[in-house]
**Q** 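To start, I am sharing the structure in question, which I have written as structure tokens.
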Amino acid sequence: MVRYNPNEIEPRWQSYWEEHQTFATPDLASAGANTVKRYVLDMFPYPSGDGLHVGHPEGYTATDIVARFARARGECVLHPMGFDAFGLPAEEHAIRTGEHPRVQTQRNIDNFTRQLKMLGFSYDWNRVLATTDEGYYRWTQWIFLVLYDTWFDAQAQTGRPIAELPIPAEVTAEGERAVELYRDSRRLAYLDDALVNWCAALGTVLANEEVVDGKSEVGGHPVKRIPLRQWMLRITDYAERLLDGLADLDWPTGIKKLQYDWIGRSTGAEVDFYLRPGETSSNAAGDADAAGGPFVAWKRDRQTSGFTGEAGRDCLRVYTTRPDTLFGATYMVVSPEHPLINRLVTAERKPEVDAYCEKASFKSDRERTDGDRAKSGVFTGSHAINPANGLSIPVWVADYVLAGYGTGAIMAVPAHDIRDFEFAIAYDLPVIAVVDPPADHEQRDEILAGKACFAAEGNAINSGEYNGLATAQVKADLTSKLAQQGLAREAVNYKLRDWLFSRQRFWGEPFPILHEIDAEGNPTGIKRGVPDNQLPVTLPQLEDFKPHGRPEPPLAKADDDWLIVEIDGKRYRRETNTMPQWAGSCWYYLRYIDPQNTERLIDPELERAWMPVDLYVGGAEHAVLHLLYSRFWHKVLFDRGHVSCPEPFTKLVNQGMILGEVEFTGYVDESGKPVSVKNARKDAEGNRVTKDNRPVESVRYAEDQVEKQGDGFVLTSDPTIKLDSRAFKMSKTRGNVVNPDGVVRDYGADSLRLYEMFMGPLEATKPWVMNGVGGVRGFLDRVWRLIVDEKSDELCVSDAVVDMECDEEQLRVLHQTIRKVTDDTQAMSFNTAIAKMMEFSNHFTRCEKRPRAALETFLILLNPYAPHLCEELWSILGHTESIALQPWPVWDEAALAESSIEIPVQINGKLKAKIHVSPDATADQMICVAIADEQVIAAVGDKQIVKKIGVPGRMVNLVVK
RNA sequence: GCGGAUGUGGCGGAAUUGGCAGACGCGCUAGACUCAGGAUCUAGUGUCCGAUAAGGACGUGGAGGUUCGAAUCCUCUCAUCCGCACCA
């Protein structure tokens with residue numbers, strides 16, 4: 001008995017590939033001019049201590065099939081793998097155990113590498129990289145310096161940054177510190193005092209994107225907002241181009257939409273409201289001046305919250321998408337963090353406003369957005385002049401207005417904005433309708449009376465000269481009229497914020513930035529990049545990585561010989577923040593192309609030859625973060641001439657999540673008696689209880705305790721007890737995690753690969769079914785027996801394998817299989833390609849004579865899917881060269897043709913008979929055969945055929961009466 | 001609340017894009033072989049009526065519609081999942 005034994009076969013072929021460098025990337029330059037390059041990329045994993053989970057091989061198998069398929073078709077393939085190895089878990093582990101994060105990270109990388117090799121992926125392992133390699137993060141730091149030395153130029157109007165920043169004479173005159181501040185106001189990487197998401201438990205600040213529901217995405221710890229001086233990346237300057245670039249990408253529409261919404265472009269107008277004179281404390285120093293000094297205007301020249309306008313009158317600037325509703329603006333609201341708030345508030349209102357603002361600052365984002373979101377706010381005591389109608393309207397402070405969006409202040413139009421309406425109702429502010437709802441609108445009377453809100457478009461009313469005009473018209477006319485008076489201008493706004501780029505962690509890339517210090521060690525406010533020849537800035541030796549709950553980074557605890565640097569007689573203190581985990585993954589796809597280059601980021605010729613990435617596969621969880629950040633960096637590198645294409649990833653595919661096996665759950669009461677799902681309802685606290693409020697406990701049942709009844713499942717032992725059936729996300733706590741090591745041990749790597757591809761479409765979310773792995777293993781067993789004589793004691797080719805021509809049917813099946821597998825592999829419809837190969841194997845298993853040539857062709861088709869088995873059978877059939885080097889077969893249309901095809905005959909659309917006709921029969925010929933058919937005659941009976949429809953090669957339909 | 005996606009047998013899923021619904025696999029049933037089986041082979045397997053036949057009816061979340069013909073197109077509706085969530 002010589003059985004198919006993957007555990008013996010697979011490691012053998014893996015060593016063979018490694019020894020023979022079967023999958024080393026070919027040299028593109030020496031390949032022929034007609035050679036097609038194909039860059040097939042996986043999202044590289046974070047090497048966690050748990051090892052691979054079955055979700056990883058899903059995407060990796062898909063790209064491996066694509067890569068092997070492309071090679072067989074003569075394309076030049078780059079298919080690399082690496083590790084995104086900086087990150088919180090390794091540092092958390094280091095804090096717990098005292099082991100250096102590098103040690104654990106290396107151990108995890110080794111384990112991941114073992115697992116990836118065990119699955120037989122055809123990566124070019126010569127190019128493997130980890131973001132934690134000094135030779136790698138040297139260039140991450142280098143790119144940061146590119147961002148640091150690239151400037152946004154508001155005047156240039158090119159939408160692109162510039163490499164040299166002209167410094168205005170009046171700034172130069174103010175001295176070095178002024179120049180520094182001016183530069184920071186223009187850098188793509190700049191220091192700023194920002195309200196940041198501070199997570200005390202993690203001891204770091206987090207990007208907006210890393211905060212979910214007011215809690216940290218990692219660990220779910222509370223996050224609160226504090227002001228802190230932080231590194232920011234000016235991604236907002238790329239908002240427009242990040243948006244435009246999406247149009248031409250072959251990405252899932254859902255992901256494009258997510259990015260589109262994340263950037264959140266809106267158009268409208270900025271409108272300036274002068275405050276009523278004499279009322280505000282315009283002599284008090286405002287927060288705006290305190291925060292920015294004389295450079296506040298430069299810093300905020302594109303987004304001024306407020307300013308002192310003509311004749312010393314304070315002015316409040318708002319952003320609105322509905323300038324047409326200006327006549328309905330009955331009050332204004334500023335956010336509690338608004339820079340002009342101290343000037344707005346009158347003396348008698350100050351205690352109340354201060355108290356409100358302080359309370360708001362203590363609220364986390366979660367509290368501010370949670371619950372029923374009842375609006376709150378206080379009156380500042382000031383009034384502003386509505387520029388549309390000259391009326392005086394009150395200015396309020398409320399935390400439903402966000403400091404970070406627009407100008408941090410709004411004009412409130414309660415009649416046409418639901419939030420303003422809620423606030424106006426709560427505080428009894430006037431509601432004036434200025435847009436007429438359609439005549440048939442249910443609530444039209446209430447809306448016109450100011451008793452309801454209408455947020456859609458319509459014709460203007462109560463709007464002076466604009467009455468009767470449509471929304472779009474009023475927007476344009478009113479904005480341009482106010483623009484002439486200098487009171488408004490068209491404006492574009494984005495939800496996207498600048499990217500908070502520093503972290504107070506140890507296990508990340510140090511910033512290559514030096515802060516100048518004077519003789520006493522005090523900062524002078526001047527900083528510089530680390531000179532190129534001193535990169536990388538490596539991490540210092542540290543005994544203690546623990547976060548201490550204060551926002552000083554762990555690197556600040558390093559010794560002075562790391563911390564203090566002297567260049568050209570000046571002393572500097574190193575920047576002690578580190579970069580976020582996203583940094584390394586922003587550009588790794590470039591490094592694979594030229595991984596050993598110590599002279600530059602990437603060789604320009606190689607870059608032009610291999611970029612962009614042709615196929616990028618990974619999970620949808622990176623839809624906005626990684627994929628937006630790396631597009632941003634790539635565009636900066638493009639603008640600075642370091643890469644040749646404006647977008648890095650031409651085609652993106654998201655593999656769907658793999659859930660755990662379907663579970664049957666029911667409930668039992670305190671006595672252990674089963675309770676039907678219908679009778680276990682949720683109480684006010686969300687706990688499951690019986691009808692009479694006794695607590696119940698959730699229990700899981702095994703498949704054999706359950707049976708189908710009606711449209712649900714019930715307990716076999718008591719069919720009155722209804723159960724839930726559902727698949728859940730794999731998680732350690734639920735205990736439904738499937739470990740690839742175990743699957744490979746029990747079924748083999750080829751079976752795991754094939755099963756994951758056979759489960760369903762790559763993009764779909766689907767539950768794991770272990771029996772399904774057995775199913776595909778059965779298929780591979782049958783393929784083995786197609787060729788190997790299993791009954792024999794020696795390994796030998798089965799007697800059924802013969803050197804003869806295929807019969808007509810075998811030839812047709814073979815060529816159908818070639819066509820289907822070729823088309824479906826190209827379309828990444830792997831599950832249907834596998835189904836077709838199963839049909840092939842089923843057919844040829846039944847054949848007593850199996851032509852060797854057909855089997856060999858079949859093995860080449862199956863090889864990308866189950867490479868170990870195919871290599872083995874290929875060699876058993878007597879070949880000495882790897883099957884991976886065989887050219888992809890081509891199907892022959894002639895072989896597909898059948899001499900006669902079966903055609904359904906419908907009568908009034910119902911299938912009544914089948915006829916056999918030649919495949920090239922015309923519609924008329926088919927109809928002739930059909931109406932002569934006995935069954936058809938019987939079915940028609942004595943009724944009249946009133947219409948005959950024939951579709952050549954498809955069907956015949958007769959309409960009878 | 002807004003946005004997106006998806007609804008097909010007991011289960012995962014096919015269906016050449018308007019033309020034989022249920023490919024392929026799991027599971028299940030029966031038979032063969034077997035000391036045994038998570039082995040192999042063969043046959044069957046959408047539901048209902050019918051006798052276990054012949055035959056028939058129904059059937060792609062639901063209700064309408066377009067069409068000779070609808071899982072596929074249109075309208076309404078329900079359910080589930082996933083994003084976003086005071087962005088003015």
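Chain letters run A, B, ... following the sequence lines, proteins first, then strands; residues in each count from 1. Basis for what follows: all heavy atoms, side chains included, without hydrogens, waters or symmetry-related copies.
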**Q** Once you apply a heavy-atom cut-off of 4.0 Å, does A:Gly775 come out as touching a base, just sugar-phosphate, or nothing?
**A** sugar-phosphate
**Q** Under 4.0 Å, heavy atoms only, any strand: does A:Val951 hit a base, just the sugar-phosphate, or nothing?
**A** base
**Q** Keeping A:Arg850 on the side-chain end and A:Glu848 on the backbone end, is there a donor-acceptor pair under 3.5 Å?
**A** no
**Q** Is it the case that atom CZ in A:Phe664 sees more than 12 heavy atoms from other parts of the structure closer than 6.0 Å?
**A** yes
**Q** Can you tell me, in whole Å, how much space there is between the P of B:A79 and that of B:A70?
**A** 28 Å
**Q** Kindly point out which of B:G19, B:A88, B:C24 is positioned nearest to the side chain of A:Met838?
**A** B:C24
**Q** OP1 or OP2 of B:C68 versus the side-chain N and O atoms of A:Asn908: is any pair under 4.0 Å?
**A** no
**Q** Nearest whole Å is fine: how far is B:G56 P from A:Ile907 CD1?
**A** 11 Å
**Q** Taking atom C1' in both B:C11 and B:G22, compute the distance separating them and give it to the nearest angstrom.
**A** 13 Å
**Q** Provide a list of protein-nucleic acid N or O atom pairs under 3.5 angstrom, restricted to nucleotides 2-5 of chain B.
**A**
unit_1 : atom_1 : unit_2   : atom_2 : d
B:G3   : O2'    : A:Lys257 : NZ     : 3.2

**Q** Would you mind classifying the nucleic acid contact of A:Ile410 as base, sugar-phosphate or nothing, using non-hydrogen atoms under 4.0 angstrom?
**A** base
**Q** Using the ring of A:Phe728 (Phe, Tyr or Trp, six-membered ring only), decide whether A:Arg734 places NZ or CZ under 6.0 Å from its centre and within 45 degrees of its axis.
**A** yes
**Q** Taking the P atom of each, how far is B:G62 from B:G4, in whole Å?
**A** 24 Å
**Q** Any donor-acceptor pair under 3.5 Å joining the side chain of A:Lys375 to the base of B:C86?
**A** yes
**Q** Can you tell me, in whole Å, how much space there is between the C1' of B:G64 and that of B:C78?
**A** 15 Å
**Q** Using the side-chain heavy atoms of A:Thr321, tell me which of these nucleotides is nearest: B:U42, B:G83, B:A88.
**A** B:A88
**Q** Determine the interatomic distance between P on B:U47 and the same-named atom on B:U80; round to the nearest Å.
**A** 27 Å
**Q** Do the side-chain N or O atoms of A:Tyr400 get closer than 4.0 angstrom to the phosphate oxygens (OP1, OP2) of B:A88?
**A** no
**Q** Using a strict threshold of under 4.0 Å (side-chain N to carboxylate O), is an ion pair present between A:Lys257 and A:Asp261?
**A** yes
**Q** Could you go through A:Ser335 and A:Tyr405, starting from their C-alpha distance and side-chain angles, then the distance that decides it, and tell me whether this counts as side-chain hydrogen bond (donor to acceptor under 3.5 Å, both in side chains)?
**A** CA-CA 10 Å; A:Ser335 66; A:Tyr405 183 77; over 6 Å; no
**Q** If a pair means Watson-Crick or G-U wobble with both distances below 3.5 Å, what does RNA chain B look like in dot-bracket form, with | marking bases paired to a different strand?
**A** (((((((..(((......[....)))((((((.......))))))((((.....))))..(((((..]....))))))))))))....
**Q** Nearest of B:G19, B:A88, B:C41 to any side-chain atom of A:Gln906?
**A** B:G19
**Q** Closest nucleotide of RNA chain B for A:Lys766 versus for A:Arg846: which of these residues is on the 5' side?
**A** A:Lys766
**Q** Is B:G44 in the syn range, within 90° of 0, or in the anti range?
**A** anti
**Q** With nearest nucleotides of RNA chain B determined for A:Gly772 and A:Asp420 from heavy-atom distances, which residue corresponds to the more 5′ nucleotide?
**A** A:Gly772
**Q** Which nucleotide sits closest to the side chain of A:Arg954: B:U16, B:G25, B:U40?
**A** B:U16
**Q** Just N and O in the side chain of A:Lys947: are any of them under 4.0 Å from OP1 or OP2 of B:C68?
**A** yes
**Q** Applying a 4.0 Å non-hydrogen cut-off, can you work out what A:Thr845 is touching in the nucleic acid: base, sugar-phosphate, or nothing?
**A** nothing
**Q** Of the listed nucleotides (B:C20, B:G37, B:C24), which one gets closest to any side-chain atom of A:Arg3?
**A** B:G37
**Q** What is the glycosidic conformation of B:U17: syn, defined as within 90° of 0, or anti?
**A** syn
**Q** Taking the P atom in each of B:C82 and B:U77, what is the distance between them to the nearest angstrom?
**A** 24 Å
**Q** Check every strand shown and say whether A:Glu839 touches a base, only sugar-phosphate, or nothing at a heavy-atom separation below 4.0 Å.
**A** sugar-phosphate
**Q** Which part of the nucleic acid does A:Tyr747 contact within heavy-atom distance under 4.0 Å: base, sugar-phosphate only, or nothing?
**A** base
**Q** Can you label the angle between the A:Phe858 ring and the A:Phe840 ring as parallel, tilted or perpendicular, going by 30° and 60°?
**A** parallel
**Q** Looking only at the aromatic ring of each residue, does the gap between the centers of A:Phe758 and A:Phe779 stay below 6.0 angstrom?
**A** no
**Q** Pairs in or reaching into residues 756-772 of chain A: which pass side-chain hydrogen bond (donor to acceptor under 3.5 Å, both in side chains), with residues at least two apart or in two chains?
**A** A:Glu58-A:Lys766
**Q** Can you list the steps and then say if A:Lys375 with A:Asp420 is a salt bridge (charged side-chain N to carboxylate O under 4.0 Å, His left out)?
**A** CA-CA 9 Å; A:Lys375 304 270 183 295; A:Asp420 297 343; over 6 Å; no
**Q** Of the options B:A14, B:C26, B:C58, whose atoms approach the side-chain atoms of A:Lys910 most closely?
**A** B:C58
**Q** Answer yes or no: does a side-chain N or O of A:Arg819 lie under 4.0 Å from OP1 or OP2 of B:U16?
**A** no
**Q** Just by modelled atom types, is the A:Asp399 backbone N or O under 3.5 Å from a matching donor or acceptor in the A:Tyr356 side chain?
**A** yes
**Q** For A:Asn771, which contact category applies under a 4.0 Å heavy-atom criterion: base, sugar-phosphate, or nothing?
**A** sugar-phosphate
**Q** Output the rounded distance in Å from CD (A:Glu661) to P (B:G27).
**A** 12 Å
**Q** In whole angstrom, what separates A:Trp784's CH2 from B:A39's C1'?
**A** 16 Å
**Q** In Å, rounded to the nearest 0.5 Å, how long is the span from CD1 of A:Ile915 to CD of A:Gln925?
**A** 11.0 Å
**Q** Which value, in whole Å, describes the distance between the C1' atoms of nucleotides B:G59 and B:U8?
**A** 10 Å
**Q** What is the distance, rounded to the nearest whole Å, between atom OH of A:Tyr260 and atom P of B:C84?
**A** 19 Å
**Q** Rounding to the closest angstrom, what is the interatomic distance between B:A39 and B:C26 at atom P?
**A** 11 Å
**Q** From C-beta outward on A:Arg785, which listed nucleotide comes closest to its side chain: B:U40, B:A88, B:G12?
**A** B:U40
**Q** Give A:Met955 one of three labels, base, sugar-phosphate or nothing, depending on what nucleic acid heavy atoms sit under 4.0 Å from its own.
**A** base
**Q** Taking atom types as they are modelled, would you say the side chain of A:Lys914 forms a donor-acceptor pair with the base of B:C20 within the 3.5 Å cutoff?
**A** yes
**Q** Report which part of the nucleic acid A:Asn842 touches: base, sugar-phosphate, or nothing (heavy-atom distance under 4.0 Å, all strands).
**A** sugar-phosphate
**Q** Of all the choices, B:C68, B:C84, B:A15, which nucleotide is nearest to the side chain of A:Thr832 once you look at every atom?
**A** B:A15
**Q** So, does A:Ser266 get its side chain near the phosphate of B:A88, meaning an N or O under 4.0 Å from OP1 or OP2?
**A** yes
**Q** Can you tell me the distance, in whole Å, between the CE atom of A:Met759 and the P atom of B:G12?
**A** 11 Å
**Q** Before giving the answer on side-chain hydrogen bond (donor to acceptor under 3.5 Å, both in side chains), spell out for A:Asn493 and A:Ser266 the whole-Å C-alpha distance, their side-chain angles and the decisive distance to 0.1 Å.
**A** CA-CA 5 Å; A:Asn493 245 295; A:Ser266 71; 5.7 Å; no
**Q** Answer yes or no: is there a side-chain heavy-atom contact under 4.5 Å between A:Met837 and A:Val821?
**A** yes
**Q** For the residue pair A:Phe423 and A:Tyr331, does the interplanar ring angle fall in the parallel (under 30°), tilted (30 to 60°) or perpendicular (over 60°) class?
**A** parallel
